[in-house]
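Taking it in order: structure first as structure tokens, then the write-up.
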Amino acid sequence: MSDLRPLRLRNSLSGRVERFDPARPDEVRMYTCGLTVYARGHIGNFRTFVGQDLLRRFLEWKGYRVLQVQNFTDVDDKTIRGAGEAGETLRDYTTRFIELYHADADALGVRRAHHYPRATDPEYIAAMVRLVERLLERGAAYRSGGSVYFRIAAYPDYGRLSGAAVEGRLAGARVDADEYDKESAADFVLWKATEDGEPTWDAPFGAGRPGWHLECSAMALELLGSGFDLHCGGVDLKFPHHENEIAQSEAATGEPFVRHWFHCEHLLVEGRKMSKSLGNHFTVRELIEEGVSSAALRYLLASVHYRKQLNFTRDGLRQAETAVGRVNALLARVPESSASGPFVPADPGVRACLDRFEEALNDDLNVSRALAEVFFALRQANQGLNRKDAEDGAGVAEWAAAIRSMNEVFGVFEMEGAPDPSSGEDLVEEIEGWIRERRDARRRRDYARADAIREQLRARGIALEDTPDGTTWRRLD
RNA sequence: GGCGGCGUAGCCAAGUGGCCAAGGCGGAGGUCUGCAAAACCUCUAUUCGGCGGUUCGAAUCCGCCCGCCGCCUCCA
């Protein structure tokens, strides 16, 4: 698989699209920078998570076994402040937002990671302490004012990820209180000395709490090992977060930290940067409560290349809704094959379509070209259905199976919508009763009556469609 | 100020030197239908922000200009 048709993926470390080769032949070890859990994640966060999910699903589609770790940052200034204001323990407070994250991610069909380490989990605090000790031993860290800092001078490769202009970037950096404790302005805190009222953990180098960057290094090294394959996050994390992760990890282990860095661009809302002050800040939950389907939401988030800013608009959601609906309508008419095992198309046309699909995604995840293949298959299937001769039945089934296969990567079709309380057996029986009555009316050529029944059901959100084989119905959104 | 990205039809969006500039949404016409709806078919950018240049040939390379956005500080 991967030998003949390698994935080519942009590596932020080199700035180039490179062949993606995991360290072990069939396994991909993947780390995702997750949320800081002081608030519910917004659609910007989920653009990144959906982008990473697409990458993971494609790797799995290609046959890799993926081991994914996604952390939660549950100790920092914002979580501490939030918990204090809410009068809750830090643990309880952050747990709430972790649960909300899972609710939103599940709604969007984001596959679950295999591990969700939290910074304050005892085993990871211990791992962080060990990492700091190692850095102290190696002279890559120093103690000052009760805190421990990373000495950038001890790591000559600093700046490889975010570009050479590190000094320039830091020159304008605001001077904060602990600046005076540092040997160099670029040094960053690994372990913060305890302050009044803040959570604190004992350590050989003094009680305190982990600095921002330390947790990801510790958890990634602990769960995935040094030199793992993929480290993912939003573009904003490149500097300083990921730069610092690389520095502290490599200074501690003496080995390359990560093989391939994957960064997702941010999204814009109606052409503007999303921010609380502009009031264009949405959560997944809010949009779904407004009636946006999670499928349309996911489609919009997944349909723009991960390195391009995505302009999130109402019109875009509407377009996504229509596009997803067309595919779902076809799939609803063609039942899923009960055949087990991998899908091997017999039709050369179907095979070629899947080949082009894979080729598109192999090319640095070209989702636009891949989606074009989904719609190509859709057209083929619908054409087959229109011809409706028995000979074509198998062809339609294969095209539908191809769409379902491609959907393993996109995950946007046949998502179960919000359960409708009025969709019980009773309603179905009632609708079928109306359809029978309308059929009789049509046989009598009583079209006024037939149209009245259709209108009355349409007003209730049920669309009737007459086909040569009888009348079908579907729910309008 | 430093660094980076983008500007392709009404909207979204592929395409980075050479077949008719993918695909989706929308629109127009048609097939089917009692009428619809759905589906399918055809059409919908002689042109790729503007102006120059390189080339037999450029949306694709170079230069200048215009416009939009992001990063450089917490941030997915």
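Labels below follow one simple rule: chain letters A, B, ... track the order of the sequence lines, proteins then strands, and each chain is numbered from 1.
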Worksheet entry | C1' atoms of B:A45 and B:U8, separation to the nearest Å | 8 Å
Between the protein and nucleotides 11-15 of chain B, which nitrogen or oxygen pairs come in under 3.5 angstrom?
| unit_1 | atom_1 | unit_2 | atom_2 | d |
| --- | --- | --- | --- | --- |
| B:C11 | O2' | A:Asp315 | OD2 | 3.2 |
| B:C11 | O2 | A:Gln319 | NE2 | 3.1 |
| B:A13 | O2' | A:Ser368 | OG | 2.9 |
| B:A14 | OP2 | A:Lys308 | NZ | 3.2 |
| B:A14 | O5' | A:Ser368 | OG | 3.2 |
| B:A14 | O3' | A:Asn366 | ND2 | 3.1 |
| B:G15 | OP1 | A:Asn366 | ND2 | 3.1 |

Worksheet item: With both distances under 3.5 angstrom, what nucleotide forms a Watson-Crick or G-U wobble pair with B:A39?
Response: B:U31
Worksheet item: What string of B, S and - do you get for nucleotides 27-35 of chain B, 5' to 3', when a contact is any protein heavy atom under 4.0 Å?
Response: -------BB
Discussion item. Heavy atoms only, 4.0 Å cut-off, all strands: where does A:His42 land among base, sugar-phosphate and nothing?
Written reply: base
Worksheet item: ring-ring contact (aromatic ring centres under 6.0 Å, His included) with A:Phe410: which residues, sequence neighbours excluded?
Response: none
Worksheet item: B:C74 P sits how many Å from A:Glu243 CD, rounded?
Response: 14 Å
Discussion item. Could you check whether any side-chain heavy atom of A:Leu310 comes within less than 4.5 Å of a side-chain heavy atom of A:Leu268, counting everything from C-beta outward?
Written reply: no
Discussion item. Using whole Å, what does the distance between atom C1' of nucleotide B:C6 and atom CG of A:Leu267 come to?
Written reply: 16 Å
Item to complete: Examine B:G24: is either OP1 or OP2 under 4.0 Å from a nitrogen or oxygen in the side chain of A:Arg379? Give yes or no.
Response: yes
Item to complete: For B:A58 and B:A21, measure between their C1' atoms and round to the nearest Å.
Response: 12 Å
Worksheet entry | Atom-pair distance (NZ on A:Lys273; C1' on B:C68), nearest Å | 16 Å
Worksheet item: Roughly, in whole Å, what's the span from CZ in A:Phe239 to P in B:G2?
Response: 19 Å
Worksheet entry | G-U wobble or Watson-Crick pairing nucleotide for B:C51 (cut-off 3.5 Å, both distances) | B:G63
Worksheet item: What integer number of Å spans the P atoms of B:G50 and B:U46?
Response: 12 Å
Item to complete: Quick one: list whatever passes ring-ring contact (aromatic ring centres under 6.0 Å, His included) with A:His260, sequence neighbours left out.
Response: A:Phe20
Worksheet item: Within the pair A:Gln52 and B:A76, is there a side-chain N or O less than 4.0 Å away from OP1 or OP2?
Response: no
Fill in: P atoms of B:U54 and B:C12, separation to the nearest Å
35 Å
Practice prompt. Sequence neighbours left out, what pairs pass ring-ring contact (aromatic ring centres under 6.0 Å, His included) with at least one residue falling in residues 306-330 of chain A?
Written response: A:Phe262-A:Tyr306
Worksheet entry | Non-hydrogen atoms of A:Ala186 and A:Ile152 that approach each other most closely | O-CD1, 2.9 Å
Worksheet item: How close or far is atom P of B:A37 from atom CD1 of A:Ile431, stated in whole angstroms?
Response: 20 Å
Worksheet item: For atom C1', what is the distance between B:U73 and B:G67, given to the nearest Å?
Response: 27 Å
Worksheet entry | Earlier contact from the 5' end, RNA chain B, for A:His213 and A:Leu268 | A:Leu268
Discussion item. Quick test of your reading of the model: are A:Glu359 and A:Arg5 salt-bridged, counting only N-O distances below 4.0 Å?
Written reply: yes
Discussion item. I'd like to check the side-chain contact (heavy atoms from CB on, under 4.5 Å) partners of A:Arg460; sequence neighbours left out, ordered by chain and number.
Written reply: A:Leu427, A:Glu430, A:Trp434, A:Gln456, A:Leu457
Worksheet entry | Inter-nucleotide C1' distance (B:G49, B:C25), Å rounded | 24 Å
Practice prompt. Mind checking side-chain contact (heavy atoms from CB on, under 4.5 Å) for A:Arg285 and listing every partner two or more places apart, or none if nothing turns up?
Written response: A:Arg40, A:Asp104, A:Thr283, A:Glu289
Discussion item. My understanding is that only residues two or more places apart in sequence, or in another chain, count here; which of them pass side-chain contact (heavy atoms from CB on, under 4.5 Å) with A:Asn45?
Written reply: A:Leu35, A:His42, A:Phe49
Discussion item. Among B:A39, B:A38, B:C74, which nucleotide has an atom closest to any side-chain atom of A:Glu465?
Written reply: B:A38
Discussion item. Measuring only the P atom in each nucleotide, how far is B:A76 from B:U42? A whole number of Å is fine.
Written reply: 47 Å
Worksheet item: With a non-hydrogen cut-off below 4.0 angstrom, is A:Ala323 in contact with a base, only sugar-phosphate, or nothing?
Response: sugar-phosphate
Item to complete: Starting from C1' on B:A36, measure out to CD1 on A:Ile453 and report it in whole angstrom.
Response: 15 Å
Item to complete: Can you see which heavy atom on A:Leu7 is nearest to which on A:Leu361, and at what distance?
Response: CD1-O, 3.4 Å
Worksheet item: Which nucleotide in the list B:G26, B:G24, B:A76 gets nearest to the side chain of A:Arg47?
Response: B:A76
Worksheet item: Between A:Asn382 and B:C40, does any side-chain N or O lie under 4.0 Å from OP1 or OP2?
Response: yes
Worksheet item: Which nucleotide, in any strand shown, forms a Watson-Crick or G-U wobble pair with B:G57, with both distances under 3.5 Å?
Response: none
Practice prompt. Decide, applying a 5.5 Å centre-distance limit and a 30° plane-angle limit (both strict), whether A:His266 stacks on B:A76.
Written response: yes
Worksheet item: In chain order, what residues pass the side-chain contact (heavy atoms from CB on, under 4.5 Å) check against A:Thr36, with sequence neighbours excluded?
Response: A:Tyr38, A:Thr73, A:Asp76, A:Thr79
Practice prompt. Report the base-pairing partner of B:C74 (Watson-Crick or G-U wobble, both distances below 3.5 angstrom), or none.
Written response: none
Item to complete: Report yes if a side-chain nitrogen or oxygen of A:Lys238 is closer than 4.0 Å to either non-bridging phosphate oxygen (OP1 or OP2) of B:G4; otherwise report no.
Response: no
Worksheet entry | Contacts of A:His241 that satisfy ring-ring contact (aromatic ring centres under 6.0 Å, His included) - sequence neighbours left out | A:Trp212, A:His213
Worksheet item: Rounded to whole angstrom units, what separation is found between the CZ atom of A:Arg474 and the P atom of B:A36?
Response: 17 Å
Discussion item. Check whether A:Phe357 forms a cation-pi arrangement with A:Arg369 (NZ or CZ under 6.0 Å from the six-membered ring centre, at most 45° off the ring normal).
Written reply: no
Worksheet item: Does anything in residues 326-335 of chain A reach RNA chain B, meaning a heavy atom under 4.0 Å, and if so which residues?
Response: A:Arg326
Discussion item. Checking A:His114 now: which residues fulfil ring-ring contact (aromatic ring centres under 6.0 Å, His included) with it, not counting sequence neighbours?
Written reply: none
Worksheet item: Quick one: A:Phe357 CZ to B:G24 C1', roughly how many Å, whole number?
Response: 15 Å
Practice prompt. Considering only atom C1', compute the distance from B:C61 to B:C68 and round it to an integer number of Å.
Written response: 24 Å
